[in-house]
Protein chains: 2
Amino acid sequence: MNLNPSMPTPEERLRAAGQRVTAPRVLLIRLLDEAEEHLDAEELYRRARRELPSINLSTVYRNLAVLKEAGLVEQRYFARDHSREYFESAVQEEHYHFTCLSCGKVVEFETPLIAKVRVDLEAQLGVDIRHACICFEGLCAECAAAEKRTDADGVAPQKSVRIQLS
Amino acid sequence: MNLNPSMPTPEERLRAAGQRVTAPRVLLIRLLDEAEEHLDAEELYRRARRELPSINLSTVYRNLAVLKEAGLVEQRYFARDHSREYFESAVQEEHYHFTCLSCGKVVEFETPLIAKVRVDLEAQLGVDIRHACICFEGLCAECAAAEKRTDADGVAPQKSVRIQLS
DNA sequence: AACAACTTGCAAATGACTTGCAAAACCATG
DNA sequence: CATGGTTTTGCAAGTCATTTGCAAGTTGTT
Ligand SMILES: [Mn+2]
Ligand SMILES: [Mn+2]
Ligand SMILES: [Zn+2]
Ligand SMILES: [Zn+2]
């Protein structure tokens, strides 16, 4: 989602990254480009099978690893349960995430402050930062309001929303 | 590490949190207070067994969950591999982490910018943030310098260092 | 077309974490 | 400080997302 309209095709991106062009890879890239949400391997597998029925789940995993290394997809962790890996297309603006622990909604946001932390760190420590995992968790506005109930279960994954801080 | 010298004993903390005082819990809290690093369940189990040989790994897991809920320990995720949960005592200043992908060293740092992002988010989205997972990853100064080699393996966990940004 | 290098499907394996259950420990209460 | 309801523990057996070995199938290159 929120993709640059004039972006290279999946094939072009693969070749530019020096990776072989295979049907599973092209398909995974396209599925992530088209996705409105952050997808995990299982869900990508489900969607991929609709177009490439012979694809195997392990192929999905292996290729997500390849695409991640090649910088074509981004891996994310959400909510307090980091036991599942989610992915999104790398062809979008840098952004961060807030996840509602109650309803599972994901809010994407931008802010220059994280980049500031990053450059401060690099300048003061001499480190070379390659990746940042930034995720906030809590209750979304709706769930915070509806906090009259005592529930705390059903965390269904939902579509994302994107905002810009200040 | 970096603990307040006049902090309550593990027993006192447990009682204050309304939790039962048991040998495994007291021991886990003390081990985390004493630790120079961030520990996972397996390592805590290893250390705990030295003083309480009958303790079981599942007891370690169950109690870490209890202590986390009670706010007595903090759970962390490091490096690109979030498949392991690490813990540290909650009795310390709020801080964030940088992990070296090459040597595994963890650098702890403080910065008011993350809290700023947090309040901005709460103010502009009306959300109630309960938790933040902030971790930067890359090459530490030493490993970045030694980048002449082509290696990229052995990621041994190491002690942490704490710094203050600017 | 011919081949070496890389990928895939399939089935089996990993490994961190969880769970069911009966016995043991905790902590009011009397 | 004995009693007993409630919680916790040890042990053994799961769970489940992700990984891996291998033979067969593809890809990109000469
Ligand atoms: Mn996103
Ligand atoms: Mn720390
Ligand atoms: Zn919500
Ligand atoms: Zn290093």
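Lettering follows sequence order; numbering is per chain, from 1.
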May I have the distance from [X] (atom [atom1]) to [N] (atom [atom2]), rounded to whole angstrom?
| X | N | atom1 | atom2 | value |
| --- | --- | --- | --- | --- |
| A:E11 | D:dT27 | CD | P | 12 Å |
| B:L27 | D:dT8 | CG | P | 17 Å |
| B:L67 | D:dT8 | CG | P | 11 Å |
| B:L52 | D:dT9 | CG | C1' | 10 Å |
| A:E85 | C:dA16 | CD | P | 15 Å |
| A:Y45 | D:dC16 | OH | C1' | 16 Å |
| A:L14 | D:dG28 | CG | C1' | 14 Å |
| B:E43 | C:dG15 | CD | C1' | 17 Å |

Check every strand shown and say whether [X] touches a base, only sugar-phosphate, or nothing at a heavy-atom separation below 4.0 Å.
| X | answer |
| --- | --- |
| B:V21 | sugar-phosphate |
| B:L57 | nothing |
| A:R84 | sugar-phosphate |
| B:N63 | sugar-phosphate |

With a 4.0 Å cutoff (strictly under), does any side-chain N or O of [X] reach OP1 or OP2 of [N]?
| X | N | result |
| --- | --- | --- |
| A:S54 | C:dG9 | yes |
| A:T59 | C:dG9 | yes |
| B:Y61 | C:dT18 | no |
| A:S58 | D:dT19 | no |

Show the nearest heavy-atom pair for residues A:L57 and A:A41, with the distance to one decimal.
CD1-O, 4.0 Å
Return the minimal non-hydrogen interatomic distance between A:I55 and A:P24, and the atom names on each side.
CD1-CB, 3.9 Å
Closest to the 5' end of DNA chain C, once B:S83 and A:R25 are matched to their nearest nucleotides, is A:R25
Starting at the 5' end of DNA chain C, which residue's closest nucleotide do you reach first, B:R62 or B:R15?
B:R62
Applying salt bridge (charged side-chain N to carboxylate O under 4.0 Å, His left out) as the test, list every pair that has at least one member in residues 51-69 of chain B; sequence neighbours left out.
B:R30-B:E51
Does the side chain of A:F98 come within less than 4.5 Å of A:V106's, by heavy atoms?
no
Could you tell me if the side chain of B:F87 sits less than 4.5 Å from the side chain of B:L28, heavy atoms only?
no
When you measure from the centre of the six-membered ring of A:Y45, is the NZ or CZ of A:R47 under 6.0 Å away and within 45° of the axis?
no
Please list, pair by pair, any protein nitrogen or oxygen found under 3.5 Å from a nitrogen or oxygen in nucleotides 22-24 of chain C.
none

Could you grab the distance from atom CZ of B:R118 to atom NE2 of B:H131, nearest 0.5 Å is fine?
9.0 Å
Among D:dG10, C:dA5, D:dT18, which nucleotide sits nearest the side chain of A:R20?
C:dA5
A:H82 vs A:Y77 aromatic rings, parallel, tilted or perpendicular, using cut-offs 30° and 60°?
parallel
